[in-house]
Amino acid sequence: MPALLTLITHNWYDIRDLSNLSGKIEQLIRDANGPGWLVFVVSALLGAAGIVSFIGVAAIINIWIERRVVGRMQSRLGPNRAGPFGLLQPVADAMKLMQKEVLQPKVADGLVFSLAPIAFTVPGILVMAVLPWGRNMALANVDAGVIFILALTSLGALAVFAGGYGSNNKYALFGAMRVIAMLVTYEIPSVLALLGLVLFSGTMNLSGIVLFQAKYWTPLLLVQPLPFIIYFISSSAELNRTPADLAEAESEIAGGYHVEYSGMKFGLFYAAELINAVSVSAIIATVFLGGWWFYKLDEVVPGWMIFIGKIYAVYFLFVWTRGTLPRFRIDQLLAFAWKWMTPMAFLNLVLVAAEVLIWNETGVSAGLVLPLYAVINTAFAGALIVAWVKVMGPKFSRFPERLRYYSQIDVPSLPAVAPRMDEGAPGLTEGRSA
Amino acid sequence: MPLKSEPVEVNIGPQHPSTHGVFRMVATIDGERITDVRMVVGYLHRSMEKLAEERTYTQNIPFTDRMDYLSAINSNLGYCLAVEKLAGIEVPERATVLRVIFSELQRIASHCMATGAFINDCGAWQTPVMYTFRDREKVLDLIEMTCGARITTNYIRIGGVAFDIPDEFLPALDRLVNDDLPQRFDEYDRLLVGNEIILMRARDVGVVTPELAINASLSGPMLRSAGIAWDLRKADPYCDYDTYAFDIPVGYNGDSYDRMVIRIEEMKQSLRIIRQAVHRLTGGPHKTEVPLALRPPEGEAYARIESPKGELGFYVVSDGGPAPYRWHVRAPSLINLSVLKEMTVGQTIADAIVTLGSIDINVGEVDR
Amino acid sequence: MPPDLLLAAIRLEHVLVLGALLFSIGILIALSKRNAVGVLMGVELMLNAVNVTLIAFARFVVSPRPLDGQVFAIFVITVAAAEAAVALALAVAVYRHRETVNIDEIDLLRW
Amino acid sequence: MITDTGIVVAFYVIGITTVASALMVAAVRDLIHAVLFLVLSFVGVAGIYVVLSADFVAVAQILIYAGAISVLLVFAVMLTPAGDRRNSETAFRAPAAVLAGLVLAVTVFVIYDTNWRIASHGQFGATAASLGRAFFKPYIVPFEVASVLLVAAMVGAIALTQEEGEDGAA
């Protein structure tokens with residue numbers, strides 16, 4: 001007990017890297033001759049508690065952020081009644097959802113219907129476990145971390161499909177089939193985009209990618225702009241957010257896969273969508289923006305705070321696109337992935353491979369080669385996009401010509417119609433009295 | 001051999017986010033593609049035409065408010081014109097100008113709503129609808145300032161208008177017409193007209209050919225998008241519209257996109273008309289006094305106006321009594337809707353929603 | 001009780017038995033299902049069972065190149081992916097021509 | 001031999017789940033349910049890989065089996081009409097069960113009969129990097145053959161599903 005007290009009193013301020021704290025706890029258990037598995041269990045529990053509490057808070061905060069930011073974009077205020085600045089609005093929403101009756105259609109596929117929201121929530125949380133929150137702060141430092149996150153993001157779509165199929169509703173089935181089609185399509189560009197980064201940084205370990213960026217003082221976004229665009233678009237398709245929210249498509253299929261869900265089951269879908277958005281933002285923040293590293297700042301500010309800041313910077317981008325853009329049609333969205341993003345990602349991959357080869361073979365210093373590559377890749381991305389727009393851009397049968405304006409119009413003279421009254425039609429008053 | 005699939009019937013509406021009320025569209029679909037559409041109307045039928053036969057001519061004006069509740073003043077105007085034609089009532093100069101100002105204001109409000117709702121149907125997450133609502137609110141503020149109501153105004157009466165404009169009206173109108181709205185419409189141009197996704201979603205979607213448009217007796221933006229220059233304000237002028245200088249925007253392709261652009265352009269033209277009308281405001285009475293229980297001579301009259309949705313016609317038959325013998329409405333929403341099947345078959349569900357949004361129906365007017 | 005049946009440790013045999021169970025369930029599914037997709041699911045399960053044994057050998061058995069098991073497993077996964085794609089394409093093609101995916105009705109050697 | 005209590009417990013929990021869900025694939029009546037149980041089984045197998053410290057293979061398993069193949073299966077099931085979605089058996093059910101039982105019996109006998117050369121420590125660094133080196137040094141030819149196979153499979157799948165007489169335009 002005294003040892004625990006010392007632990008708290010001596011280390012409470014050490015928030016720079018929370019792994020210090022858990023290291024201290026492990027040391028404490030070892031000193032007390034605790035069993036080996038206890039160390040694992042305690043550190044795993046600590047990490048899990050940290051991540052789950054972050055996600056819980058983030059899901060609640062994000063509802064507020066999303067509604068406030070979008071409200072500002074839509075020239076209105078957003079929630080501002082419950083609590084200061086409307087901060088308690090998500091709590092009120094959650095309480096309302098909990099009180100609502102959870103309805104389940106009689107024809108629904110009970111088990112699938114009930115498990116889908118839960119299965120949808122899990123991948124988003126699991127992604128957080130492999131992300132590095134600080135120099136030593138990764139709960140599971142998986143070697144093939146990049147593939148791990150790709151695998152997990154594809155699992156969520158399966159849960160969405162299960163929900164849509166289990167509802168046994170035509171609209172829900174539409175949403176489910178759209179999700180599957182989008183998953184199959186957008187998995188490819190997102191894998192290819194991240195593959196370029198893996199090639200460039202030479203590691204699939206997410207901590208390794210961050211360390212690479214910290215070592216060369218270069219966020220990979222600067223060196224690899226095209227994969228960022230591709231990954232951003234494909235992940236917003238996988239996240240079901242406008243302009244690719246086809247699985248919900250409120251205005252078309254009335255909510256899509258969750259049209260039959262109500263109460264807290266719907267709430268879980270809603271929360272899981274926000275959690276997945278945070279997860280993807282965190283992935284982008286890690287691999288493109290350098291995670292916990294930010295030049296010299298991470299020596300002063302705790303790395304995880306920088307990381308959270310970056311997560312929300314990316315999340316703002318998601319909210320922004322959601323607040324601005326209309327929705328694609330499903331065939332347009334799929335064609336966009338196949339005809340635009342997949343070939344672009346392949347070309348980018350070839351370029352990156354050549355660059356890495358040149359860098360390795362010549363051994364030029366990073367200070368010279370990275371700015372050069374940044375310029376080359378940005379120019380390449382720009383040129384590629386422009387070329388693709390030229391070649392593949394939407395060709396409308398009659399592209400908008402300006403409207404014609406008429407200040408005078410011809411009125412065709414109609415053939416004179418003989419008034420019917422003259423032909424001995426029944427008098428009006430007679431009809432009235434009848 | 002194509003993959004065989006089973007046709008599925010999907011009920012779009014009567015409770016659906018994008019059917020603009022309680023319109024129901026039974027779509028037979030093959031995958032995502034529509035093979036057949038059946039329209040079901042009548043969920044909002046309130047039997048107005050029959051009820052009107054039991055009420056006096058003046059009492060019937062509120063019914064017209066509740067037909068196309070998004071452009072109530074235009075409906076009022078059409079009905080009052082018909083009754084005035086029937087009873088031979090002269091309208092004072094000031095009242096005519098006021099009618100022009102308010103019906104153009106109402107046109108802006110209605111087109112704002114139509115444009116915003118259309119983009120919402122394209123899937124933008126509420127943003128355009130909020131933008132256009134913001135501007136519609138300002139217009140409605142002016143209407144409220146004058147007659148106290150925002151939606152169901154009951155403003156235009158037989159023989160004139162119900163109230164004269166208050167003193168603060170003209171400065172507010174000047175601000176709106178010369179400062180606020182032109183900026184807003186430029187904003188719409190930037191936000192909507194060149195938007196790549198809207199182009200992809202609305203171009204060549206829901207195409208109406210000129211032949212179909214004429215044969216189906218379409219009117220309003222639906223007709224003009226098909227490339228036919230027809231506007232009753234020019235073709236059959238009422239309220240001295242022929243003396244105002246304004247243009248009729250006409251599209252080429254007859255698709256949903258053209259209809260949206262035409263609506264935005266028409267709002268700009270409405271501003272032009274209002275600017276001219278303000279200078280014509282002379283003194284004088286704002287209405288001719290007519291007896292409450294108006295008894296027009298026996299006969300019939302048809303008056304038509306260019307409402308935001310198209311040709312809104314009122315056919316009023318009098319038997320000399322205080323109530324109309326027959327009162328029929330040529331509702332543009334209903335007639336424009338009649339080509340929905342031709343427009344949507346062969347397209348996807350998403351296109352059908354966009355097409356329906358671009359027709360700009362108002363179920364209150366469809367069902368009456 | 002022989003020591004290798006004890007549950008206190010994972011031995012090679014335990015993992016192999018797991019693989020054998022999965023494999024025989026796969027056989028059961030592949031041979032008895034009426035739907036072509038169902039048959040494919042059984043085959044995938046059998047491939048998985050083989051992978052489990054491969055990984056187990058890589059982990060437990062003395063070998064000059066201990067990575068071989070995992071490398072082989074990855075090859076198996078690759079082949080399984082290719083096989084699934086082709087088999088499902090076949091199922092779709094057969095369905096298009098015969099309007100059935102029930103394998104006991106697909107008895108012509110042609111379509 | 002792995003003796004760490006936590007890992008042993010994890011192995012048994014995951015193993016039982018995997019086998020149970022594989023059995024459910026055979027037992028459930030709805031083909032979509034079968035696919036979902038199959039996904040659970042695939043994920044369980046990935047868990048077994050993790051227990052056997054083959055992280056990369058586990059991740060690849062989730063990505064390809066749970067992510068891709070199951071989605072393909074769902075696609076194939078949904079492309080067939082609703083009437084064919086019963087997960088029913090042919091008349092070969094009993095012989096198949098007998099055969100499966102025999103295979104199981106023989107395999108288990110062989111497993112316990114063989115004298116395996118168990119490594120005493122059995123730990124090795126099976127990282128993604130070392131796997132990559134293995135692929136590109138000793139296994140470069142099979143690796144290239146596999147990629148050719150994938151391309152051939154892709155082309156074959158496209159050719160098989162292409163509608164005759166048109167260029168696949170929907």
Side-chain angles (χ1 to χ4, degrees), chain A residues 70-71 73-76 170-171 173-174 177-178 181 241-246 248-255 321-332 336 389 393-394 396-412 419-421 427-433, chain B residues 8-11 15-18 32 119-131 134 191 193 195-201 203-204 227 229-231 234-236 245-253 257-258 261-262 265 298-300 317-321 325 348-351 353 357:
Chain A
V70 168
M73 286 175 185
Q74 299 177 343
S75 72
R76 58 187 174 90
K170 285 170 191 165
Y171 285 121
L173 198 60
F174 265 119
M177 287 317 291
R178 286 177 173 189
R241 295 178 72 90
T242 339
D245 61 337
L246 290 150
E248 299 180 22
E250 174 82 29
S251 66
E252 295 161 21
I253 51 174
T321 49
R322 184 178 198 177
T324 329
L325 294 176
R327 185 188 305 123
F328 281 106
R329 205 169 58 206
I330 180 79
D331 54 326
Q332 292 165 346
F336 187 66
V389 169
F396 304 106
S397 57
R398 288 149 293 186
F399 196 73
E401 299 155 70
R402 278 188 61 80
L403 297 174
R404 289 171 285 183
Y405 291 91
Y406 287 84
S407 52
Q408 285 303 324
I409 58 178
D410 303 328
V411 183
R420 276 171 45 205
M421 298 288 275
L428 291 168
T429 39
E430 293 165 33
R432 178 75 179 193
S433 58
Chain B
V8 182
E9 267 203 353
V10 179
N11 266 311
Q15 288 170 3
H16 186 279
S18 310
E32 290 247 353
I119 308 294
N120 217 29
D121 290 346
C122 286
W125 196 53
Q126 304 283 334
T127 305
V129 107
M130 286 296 163
Y131 273 50
R134 176 191 59 192
L191 182 70
V193 174
N195 190 318
E196 198 77 15
I197 301 182
I198 291 179
L199 272 169
M200 285 174 75
R201 286 302 303 279
R203 257 293 139 184
D204 294 334
W230 184 261
D231 188 317
K234 295 272 190 198
D236 184 11
F246 67 102
D247 295 329
I248 304 166
V250 174
Y252 281 89
N253 308 331
Y257 178 80
D258 271 4
V261 180
I262 284 175
E265 283 302 313
E298 221 172 86
E300 57 181 14
V317 182
S318 164
D319 59 355
Y325 169 71
T348 62
I349 288 196
D351 287 338
I353 299 293

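Throughout, protein chains are lettered first and strands after them, A, B, ... in sequence-line order, and every chain is numbered starting at 1.
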Enquirer: Only pairs of heavy atoms separated by less than 4.5 Å count here; which of B/Ile198, B/Asp121, B/Ile248 has the most with chain A?
Expert: B/Ile248
Enquirer: Could you tell me the separation between the CG atom of B/Asn120 and the CE atom of B/Met130, rounded to the nearest 0.5 Å?
Expert: 8.5 Å
Enquirer: Does some side-chain heavy atom of B/Glu300 sit less than 4.5 Å from a side-chain heavy atom of B/Tyr325?
Expert: no
Enquirer: Of the backbone (N, CA, C, O) and the side chain (C-beta and beyond), which part of B/Ile353 lies under 4.5 Å from a heavy atom of chain A, both, or neither?
Expert: side chain
Enquirer: Is there a side-chain contact (heavy atoms from CB on, under 4.5 Å) between A/Arg329 and B/Arg201 once you walk through the steps?
Expert: CA-CA 7 Å; A/Arg329 205 169 58 206; B/Arg201 286 302 303 279; 3.9 Å; yes
Enquirer: Heavy atoms only: give me the nearest A/Thr324-B/Thr127 pair and the separation to one decimal.
Expert: N-OG1, 4.4 Å
Enquirer: Quick one: does B/Met200's side chain get under 4.5 Å of A/Phe336's, heavy atoms only?
Expert: no
Enquirer: Checking B/Val261 against chain A: side chain, backbone, both or neither under 4.5 Å from a heavy atom?
Expert: both
Enquirer: Between B/Asp236 and chain A, with a heavy-atom cut-off of 4.5 Å, which part of the residue counts as in contact: side chain, backbone, both or neither?
Expert: neither
Enquirer: Out of B/Gly227, B/Ala245, B/Gly357, B/Gly321, return the one with the most heavy atom pairs under 4.5 angstrom to chain A.
Expert: B/Gly227
